[in-house]
Amino acid sequence: MKIMVIDGNSILNRAFYGIRQLTNHEGLPTNAVYGFLATLFKLQDEEQPDRTIVCFDVKEKTFRHLKFDTYKATRKGMPDELVAQLPITKQVLDALGVTRCELAGYEADDLLGTISRRADEHGDTCVVVTGDRDSLQLVGGGTTVMLVSTRMGQTTYQTYDTAAFREKYGFDPIRLIDLKALMGDSSDNIPGVPGIGEKTAMQLLHDFGTLDGVYANIEDERIKKGARTKLQNGEQSAKDSFWLATIDRNVPLDLDVEHLPAQDIDETALYDLLTRLEFKNFIKRFDLSGESVSAPRLPELKTERVENVLEAFNLMDSLTDCDRVYAIVPETLGAVCLLDGDTAHILFAESFGDAWNDILRRLFDGTLSLVLHDAKAAVRALLQRGMDPKGIVFDTAIAAYLLDPTQSGYDLPRLALAYCNAELPELDLDDPAAVSLLGGQEDTEKAVAQHVGALRAIYAEAADRIEQLGMRKLYYEIELPLLRVLAEMEAAGCAVEPDELRAFGDKLDVRIRDLTEQIYHDADGEFNINSPKQLGEVLFEKLGLHAPKKTKTGYSTNVEVLERIAEDHPIVPRILEYRKLTKLKSTYVEGLLKVISPVDGRIHTHFQQTVTATGRLSSTDPNLQNIPVRTELGRELRRMFVAPDENHVLIDADYSQIELRVLAHISQDEHMIEAFRHGQDIHAATAAKVYHVPLEEVTPQMRSSCKAVNFGIVYGISDFSLAQDIGVTRKEAGEFIKTYLDTYPGVKKYMEDIKQTGREQGYVSTLFGRRRALPELKSKNFNMRSFGERVAMNTPIQGTAADIIKIAMVRVRDRLLRDGLQSRLILQVHDELILEAPKDEQETAMHLLTEEMEHAFQMDAPLVAEAKAGHSWYDAK
DNA sequence: CCAATATTG
DNA sequence: GGGAACAATATTGGA
């Protein structure tokens, strides 16, 4: 029999330091568990042991150190993050059916020694796996030691038997003990003989074989005089060290090595644990379906190709009476899959030629109740074909997002795994090759059938949970209608001035080239200015400037740092300007030019509806929510976003202080509400209260500090960051916050309450019932918990504001339609909506826009929106 | 693929 | 005793 014995502590440690930051949704660090399991599985695969045993230290003083109190170990404690992973590692091992072994007062290596000795006595072979070189003394007989070492992220495994050890070290493994007794080991707190180092120790062993041999021949001429004195003085220390270095191979361990139970996996427990740890690839490895835990696997579906038009229409007619019609509709609209009972009907565009548009039109004519996944892309495509898609009653991606907005993605295979424990194949119906008649269509058909089957199962579960969590209105009255609005906005796009954009870019280029040259001159040599690493070296080494801050990897060279040292050398302001200009050039000028549609010359962003944890939208390809505005030069870019012609204008309306108004409303703070009701400048009003002066006597500095606190409050303030922000001491900032909270006691109470309810419920929610789970609030880790608390304070505010503008968007769009106006929404930037309007509708549209925004929700601190019109975004703001 | 840096609300 | 502001996306350089 072959037994593998693993030093659990040593391997966990290695894994912990080898893999960076890995946490699951509970906020539990998982890097060590992960690395440990990866190592375990790899070794089991390669070594194929009959039995596996994992040994752990039981912390505190170990047996040997107790005996030698003077040499008490000052072992470095494990970091909290690693300790936190110990229990779950043991649980996983238990679930795996791996024998686990620990004994109070003994280190893992004593257990390894004992088990390997017993195995050896029974004639079994034993592989000891550890990262600790000391354990090499165990090599011999049937015992080999596999040394695991990690260098530069590369893990290597080296197996030693007696021969391999001799070859490398030139003596027998057991003599490692003698060696240590002589030379000591500082990392293990073994003193050895003071003054004897590795060289002398090796020579002594070479000459006399053992420690005892050395002392028996202490007068031998081969021992130099100095060494002899040291050895004589250190004799007791050497003997103690010998004892300390000896792994105890006779531990009173209650483990029958001959009758170890076979490894018996508890699939249910293992599945649950691995799910909790989010180790999906390990779940896969064991082919754990989770069947026994929850839902059954998805049923097999028949697939049927639909190839003639009549058949297609008949199918859709027959589906008209269905309660729900599950459909896979890819963005390219190159194929469609419809589920009817246990049959997945698949239609490929190329089978229908010109009739395909008629089929799509019929499908989306509003007579079928369609359940789709990620419908926005398809809706946008349909709109761009001049259709008016109707009948979408559910989108599983959006539903899953509402149920947990913090997931990293919501593609169908992922949801299928989460909701049905089903593995879905990759499917890319948007890839023309995949839908081509020529190749691989069998597989495509099967895959799409599985997808549509999963869609049905996910729908059933998700729709139910939306109800249970009280998100019906949020889902059906805000998010689902918004899907259509966003698709329309994306399809509409925004007109731009490519020539002016290029001209702007050329202007930047001239200046960038100029700066580059000067910077090279200042630095007395060329380097890559864009590389923070190289820049840091130039500034802080070559030029010897004082480095005020560091990052994990080196010098920090960000704006704050550079501004602080701007006076010290003329290169610094040039770098600051260089940074600003290259940012504008690469991200905005080049980035935007790249995404101008060749079809209509406009820019069509993609609004992501299932990304942010708070409920906000985001914008990608390109991101039109971070077009510069704060600096004059950057703001110039907004002149490039324009109304398409002289007969149109852009109308830009933004909410005034929406987040603070939401805070006032949610917290029901009388004073803050009053300030807003009176239409006061909230930062000035806050200053008047905090400083106890009349409103007229508030200085700009006072207002500015209070503005910073108002912002800070929304983010979950700390005295440290506020101090940094407004440039006072941490103590002053702390007192300032206190005064602020006394001024707005309702706010203070809200901040306290939300943390508590968040902790009790496990989540926080917006006024419209949008949720965000916050397991961090229960974390024992201060940083983690503090983050949870700030998020608990911020999410209801940011999220409610997001809900409100979403409502406004749906209403604005519906109202424009209802009133028969040509104006259309084209952009949203969190608290700002932008319309493209015919000039003759300008006044009407501006009025409509502000009205719908302000009336989107009745708050105690009333919503205020202000609109402005102009030819470009620059002019409209 | 991540870290650093920049841009926005 | 330290830690240390909320939410995003794009570009660049470098392991």
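In what follows, chains carry the letters A, B, and so on, assigned in the order in which the sequence lines appear, proteins first and then strands, with residues in each chain numbered from 1. The figures here come from the full heavy-atom set of this structure, side chains too, leaving out hydrogens, waters and symmetry mates.
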Rounded to whole Å, please give me the gap between [atom1] in [X] and [atom2] in [N].
X	N	atom1	atom2	value
D719(A)	dG1(C)	CG	C1'	14 Å
L617(A)	dT9(C)	CG	P	11 Å
L581(A)	dT12(C)	CG	C1'	16 Å
L584(A)	dT5(B)	CG	C1'	14 Å

Exercise. Any donor-acceptor pair under 3.5 Å joining the side chain of R730(A) to the base of dA4(C)?
Worked result: yes
Exercise. On a plain distance test, is the side chain of N530(A) in donor-acceptor contact with the base of dT12(C) below 3.5 Å?
Worked result: no
Exercise. Are Q756(A) and D753(A) close enough that a side-chain donor and a side-chain acceptor fall under 3.5 Å?
Worked result: no
Exercise. Are S786(A) and N783(A) close enough that a side-chain donor and a side-chain acceptor fall under 3.5 Å?
Worked result: no
Under 4.0 Å, counting only non-hydrogen atoms across every strand here, what does [X] touch: a base, just sugar-phosphate, or nothing?
X	value
G712(A)	base
S786(A)	nothing
A801(A)	nothing
A708(A)	base
D654(A)	nothing
V829(A)	sugar-phosphate
N626(A)	base
I797(A)	nothing
R616(A)	base
T582(A)	nothing
E659(A)	nothing
T795(A)	nothing

For this session: Decide, yes or no, whether a salt bridge links E836(A) with R602(A) under the criterion of side-chain N to carboxylate O below 4.0 Å.
Result: yes
Exercise. Do the charged groups of K868(A) and D652(A) touch, with an N to O distance under 4.0 Å?
Worked result: no
Problem set entry | Residue closer to the 5' end of DNA chain C, T612(A) versus F720(A) (nearest nucleotide) | F720(A)
Problem set entry | Earlier contact from the 5' end, DNA chain C, for Q608(A) and F711(A) | F711(A)
It should be established whether [X] places a side-chain nitrogen or oxygen under 4.0 Å from OP1 or OP2 of nucleotide [N].
X	N	value
S618(A)	dT9(C)	yes
T551(A)	dA4(B)	yes
R579(A)	dA4(B)	no
T553(A)	dA4(B)	yes
R790(A)	dC6(C)	yes

For this session: Mark yes when over 12 heavy atoms from residues, nucleotides or ligands other than K542(A) sit less than 6.0 Å from its NZ; otherwise mark no.
Result: yes
Problem set entry | Backbone N/O of F607(A) and side chain of E490(A): donor-acceptor pair under 3.5 Å | yes
Seminar exercise, completed: Side-chain atoms of R638(A) come closest, of dT5(B), dT8(B), dT9(C), to dT8(B)
Exercise. With respect to the side chain of S721(A), which nucleotide from dC6(C), dT11(C), dA4(C) is positioned closest?
Worked result: dA4(C)
Seminar exercise, completed: Distance col, row M640(A):CE vs L501(A):CG, nearest 0.5 angstrom, shows 6.0 Å
